[in-house]
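Below is one structure, written out as C-alpha cells; the observations come after it.
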Amino acid sequence: MNEAYKQAEIAFQSNEVPVGAVITYQSQIIAKQYNETLARTDPTAHAEILAVREACQKLGTERLVECSLYVTLEPCPMCAQAISFARIKALYFGAYDPKGGGIEHGPRIFEQSTCHHKPEIWGGIQEDVNAELLQAFFAERR
C-alpha cells in the first residue's frame with residue numbers, strides 16, 4: 001500500500017485525482033500506476049485500469065489469477081468490473097468511497113449475479129492517510 005500511496009502522490013503533483021495502484025505477482029511489484037485521465041484525455045485511465053493493462057502485458061495474459069491489487073481508494077464500478085474480468089486474486093484498498101465506490105458502496109459489483117469473479121477483499125487499509133490526500137486535493141480545488 002505504501003507504493004500505491006507514492007503513486008497517488010505523483011497523481012496529486014500532476015493535478016490528477018490522487019489515486020495510486022500497484023499489482024503484485026509472487027510478492028513482486030509488476031505494475032504501478034496512478035490516475036491519468038487528464039494527461040491521456042481518457043476517462044478510463046484510472047490507476048487500476050492502467051495497472052491491470054501493464055500487469056497483463058508483463059505477464060503475457062489477460063488473467064491475473066495469482067496477482068494482488070493494492071489501490072488507495074475503493075475502486076469505482078468500472079474498475080471493479082475490470083478487476084473481475086482480470087480474475088485478480090486479492091484486492092486491498094485504502095479509503096472508502098461512499099459517492100463513487102463500486103465495492104462496498106454503489107452497485108457493489110462483486111455481489112451481482114452477473115459478476116464473473118469475486119476477489120478476496122480487504123478495505124480500509126491505511127484509510128486515514130489515503131483519505132487525507134484525497135481531501136487535500138479537493139480542498140485545493142474548491
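By convention here, the first residue in the shown sequence is residue 1.
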Taking C-beta and beyond as the side chain, do [X] and [Y] meet within less than 4.5 Å on heavy atoms?
| X | Y | value |
| --- | --- | --- |
| Glu111 | Lys118 | yes |
| Val52 | Ile88 | yes |
| Ile23 | Lys58 | no |
| Phe93 | Asn130 | no |
| Thr37 | Glu16 | yes |
| Asn2 | Gln126 | yes |
| Tyr96 | Ile103 | no |
| Arg53 | Thr44 | yes |

Treat each ILVMFWY residue as a node, draw an edge where side-chain heavy atoms are under 4.5 Å apart, and state whether [X] and [Y] are in one component.
| X | Y | result |
| --- | --- | --- |
| Ile10 | Ile30 | no |
| Val22 | Ile121 | no |
| Ile83 | Leu59 | yes |
| Val129 | Met1 | no |
| Phe12 | Leu73 | yes |

Over all atoms of both residues, closest heavy-atom pair of [X] and [Y]:
| X | Y | result |
| --- | --- | --- |
| Arg141 | Phe137 | NH1-O, 2.8 Å |
| Ala80 | Phe110 | O-CE2, 3.4 Å |
| Pro75 | Glu48 | CA-OE2, 3.4 Å |
| Ala82 | Ile49 | CB-CD1, 3.4 Å |

query = Quick one: do Lys32 and Glu54 make a salt bridge, cutoff under 4.0 Å?
reply =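 The answer is no: the pair does not qualify as a salt bridge.
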
Is there a donor-acceptor pair under 3.5 Å between the side chain of [X] and the backbone N or O of [Y]?
| X | Y | answer |
| --- | --- | --- |
| Thr72 | Gly94 | no |
| Asn35 | Pro18 | no |
| Gln7 | Ala21 | no |
| Gln112 | Pro107 | yes |
| Glu74 | Glu104 | yes |

Gap separating the [atom1] atom of [X] from the [atom2] atom of [Y], nearest 0.5 angstrom:
| X | Y | atom1 | atom2 | result |
| --- | --- | --- | --- | --- |
| Gln81 | His117 | CD | NE2 | 11.5 Å |
| Gln26 | Cys67 | CD | SG | 9.0 Å |
| Lys6 | Glu3 | NZ | CD | 5.0 Å |

query = Which pairs pass ring pair (Phe, Tyr, Trp, His ring centres under 6.0 Å) with one or both residues in residues 45-87, sequence neighbours excluded?
reply =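 Sorted pair list: Tyr70-Tyr92, Phe85-His116.
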
task = Might you work through the side-chain contact (heavy atoms from CB on, under 4.5 Å) test for Glu9 and Leu133, ending with a clear yes or no?
result = CA-CA 8 Å; Glu9 289 180 312; Leu133 185 63; 4.3 Å; yes

task = Determine, stepwise, if the pair Tyr25 / Leu64 fulfils side-chain contact (heavy atoms from CB on, under 4.5 Å).
result = CA-CA 8 Å; Tyr25 174 70; Leu64 302 173; over 6 Å; no

